[in-house]
Amino acid sequence: QQERAAIESYKQTLREVLTSLNQSNIDLAVQIASIPENIRGYGHVKAHHIASAQEKQTELLARWRG
């Protein structure tokens, strides 16, 4: 369940990023788009990586919106 919610959150994030993507923010957009690369493992290990990815996404999106 947590994994599906993370996927939907990622999709929404990418939609937001794509609507205002330009040359000056492309590096940050790449960082945001790369978040799932760190999600690995199974069970509690994967759950930990998902939680870390969500924290990173929140941080990067704050920079994006700011």
Side-chain angles (χ1 to χ4, degrees):
Q1 189 71 348
Q2 184 184 18
E3 187 173 347
R4 287 184 183 176
I7 291 169
E8 284 307 311
S9 174
Y10 179 71
K11 286 179 182 179
Q12 289 175 335
T13 297
L14 288 185
R15 284 187 205 104
E16 177 182 344
V17 168
L18 289 174
T19 61
S20 56
L21 181 63
N22 60 51
Q23 191 64 32
S24 67
N25 62 15
I26 196 162
D27 291 335
L28 182 55
V30 169
Q31 289 179 45
I32 292 168
S34 299
I35 290 170
E37 292 179 8
N38 297 317
I39 300 174
R40 294 185 169 84
Y42 297 94
H44 72 282
V45 172
K46 189 170 191 172
H48 173 73
H49 288 167
I50 289 172
S52 295
Q54 288 172 332
E55 288 177 23
K56 184 174 183 176
Q57 178 175 312
T58 300
E59 173 191 326
L60 292 175
L61 276 177
R63 288 177 47 201
W64 182 267
R65 294 170 181 154

task = Determine, using the 4.5 Å side-chain heavy-atom cutoff (strictly less than), whether I35 and L18 are members of one ILVMFWY cluster.
result = yes

note = To the nearest 0.5 Å, atom CD of E8 lies from atom OG1 of T13 at 10.5 Å

message = Would you say Y42 ends up clustered with I39 if hydrophobic residues are merged whenever their side chains have heavy atoms under 4.5 Å apart, either directly or through other cluster members?
response = no

request  = Could you please spell out the steps behind the side chain to side chain donor-acceptor pair (under 3.5 Å) verdict for Q54 and S9?
outcome  = CA-CA 9 Å; Q54 288 172 332; S9 174; 5.7 Å; no

query = Could you give the distance from CG (L14) to CD (Q57), rounded to the nearest 0.5 Å?
reply = 8.0 Å

key: Student check: side-chain heavy atoms of H48 and H44 closer than 4.5 Å   = no

message = For K46, give me all partners under side chain to side chain donor-acceptor pair (under 3.5 Å), at least two apart in sequence or on another chain.
response = E3

task = Check for a donor-acceptor pair, side chain of D27 on one end and backbone N or O of V30 on the other, with a separation under 3.5 Å.
result = no

request  = State, to 0.1 Å, how close L21 and I26 come at their nearest heavy-atom pair, and which atoms those are.
outcome  = CD1-CA, 4.0 Å

Compile the donor-acceptor pairs under 3.5 Å between side chains in residues 59-66 and protein atoms, sequence neighbours left out, one pair per line.
{"residue": "W64", "atom": "NE1", "partner": "S20", "partner atom": "OG", "Å": "3.3"}
{"residue": "R65", "atom": "NE", "partner": "E16", "partner atom": "OE2", "Å": "2.8"}
{"residue": "R65", "atom": "NH2", "partner": "E16", "partner atom": "OE1", "Å": "2.7"}

